[in-house]
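The structure appears right after this line, and notes come after that.
So you know, we letter chains A, B, ... as the sequences are listed, proteins then strands, and number each from 1.
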Amino acid sequence: ILLMALQRAIINYFQILGAMESQVGGGPAGPALPNGPLLGTNGATDDSKTNLIVNYLPQNMTQDEFKSLFGSIGDIESCKLVRDKITGQSLGYGFVNYSDPNDADKAINTLNGLKLQTKTIKVSYARPSSASIRDANLYVSGLPKTMSQKEMEQLFSQYGRIITSRILVDQVTGVSRGVGFIRFDKRIEAEEAIKGLNGQKPLGAAEPITVKFANNPSQKTGQALLTHLYQSSARRYAGPLHHQTQRFRLDNLLNMAYGVKRFSPIAIDGMSGLAGVGLSGGAAGAGWCIFVYNLSPEADESVLWQLFGPFGAVTNVKVIRDFTTNKCKGFGFVTMTNYDEAAMAIASLNGYRLGERVLQVSFKTSKQHKA
DNA sequence: TATAATT
């Protein structure tokens, strides 16, 4: 009976999420229109200097958050967070096409390596889209535990240009698990690497390695899907009250099914005492507005992303600048979607020393700007 | 023995 109730609740929950996404999401940007100066001699657009691919995005980042983060650098021609066509889940990567090549360069320099929650995002130029670069990812197992990422790359680089490589490690000890991934620029290169290396012993190794095409990571088991849903349920949009009650109802069911408690008492009890503090609506989307005081005159938006991003979903950041000098006036605002993440960020960052300055961080109140 | 890299 519990499982049936859980199943119903999950179906119900997906419908609610779907409705919320369509209200809040803002939708994917349309295709980039040909832009005069960027037309090549063959009539094709050349966006190689403006179009970026962004990888390792947090699973729960929305299109709006994505646009807000990259829009803080400069004017965006188009951007898209890529989602699974059927489930609507983020695939963890996206594209940003800037109007100005200088802004694309700036985005790589300032946002590549930015830590957001548990992820370190990667920002790089997108290669021209083509069938020849798809399905070029290899799964490698049986690697010697002593082999480094660099050594694995050296082994594979004879077959082509490597785009990414990774060796999986034990989360506790940090020691190699003997498995990894190699993404080549071209699928043909990956095919050649399989022919050349599958079943072969690396120099000095005791065992042969297995090299094959990697599975697509979007296929999940029912268990993994449930786990995922459970994790994402607490991270969503703080939203209107009827969504809150829905959220807690589902959470209680999941708590029963998994025997774990997700919400801290403060996240539940805290809500009732917070009328009028921090919670904002408006065009930027609902969320908890945080006041950040004692920023340096040189502070910019990327500082706020770096400070608050690790704590959870950030929808917007703003540095308040002097109109004439364009220098920061010493304060800014950050909007976060979820109360518990905002509270954690405030608790952690209030009193935080940034260079020579000690930050004051709190929920925004109506009369703080006079201080 | 499995990570969200081509719209």
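- Ion pairing of A:E189 with A:K186 is absent here, as no side-chain N (NZ or NE/NH1/NH2) approaches a carboxylate O to less than 4.0 Å.
- We find that CG of A:L57 is positioned 17 Å from P of B:dT3, with the value rounded to whole Å.
- Between A:Q360 atom CD and A:L349 atom CG the span is 13.0 Å, to the nearest 0.5 Å.
- Every residue two or more places apart in sequence or in another chain that forms a salt bridge (charged side-chain N to carboxylate O under 4.0 Å, His left out) with A:R161 is listed here: A:D185.
- A straight line from CG of A:D84 to P of B:dT6 spans 13 Å, rounded to a whole angstrom.
- Separating the NZ atom of A:K119 from the C1' atom of B:dA4 is a distance of 7 Å, rounded to the nearest angstrom.
- Against DNA chain B, the stretch residues 158-185 of chain A makes heavy-atom approaches under 4.0 Å through A:I163, A:T164, A:R166, A:L168, A:R177, A:V179, A:F181, A:R183.
- Scanning atom types as modelled, no donor and acceptor separated by under 3.5 angstrom connect the side chain of A:Q89 and the base of B:dA4.
- By the ring pair (Phe, Tyr, Trp, His ring centres under 6.0 Å) test, A:F181 pairs with A:Y139, sequence neighbours left out.
- Atom CG in A:L91 sits about 11 Å away from atom P in B:dT7, given to the nearest Å.
- Listed by residue number, the members of residues 125-144 of chain A with any heavy atom below 4.0 angstrom from DNA chain B are A:R127, A:S129, A:I133, A:R134, A:N137, A:Y139.
- Taking atom OH on A:Y93 and atom C1' on B:dA5, their separation rounds to 7 Å, with Å as the unit.
- Around the CG atom of A:D75, the shell of radius 6.0 Å holds no more than 12 heavy atoms that belong to other residues, nucleotides or ligands.
- A:K327 and A:E298 are joined by a salt bridge, as a carboxylate oxygen and a charged side-chain nitrogen come within less than 4.0 angstrom of each other.
- As a whole-Å value, the separation of A:I53 CD1 from B:dA4 C1' is 11 Å.
- Within the 4.5 Å cutoff, the side chain of A:F363 has heavy atoms near those of the A:W288 side chain.
- Between the side chain of A:N51 and the base of B:dT7, a donor-acceptor pair under 3.5 Å is found.
- With rounding to whole Å, A:K80 atom NZ is found 5 Å from B:dT7 atom C1'.
- With rounding to whole Å, A:L81 atom CG is found 12 Å from B:dA5 atom P.
- Evaluation of the side chain to side chain donor-acceptor pair (under 3.5 Å) rule for A:S68 yields A:N316 as partners, not counting sequence neighbours.
- Taking A:E153 as the reference, nothing meets the salt bridge (charged side-chain N to carboxylate O under 4.0 Å, His left out) condition, with sequence neighbours excluded.
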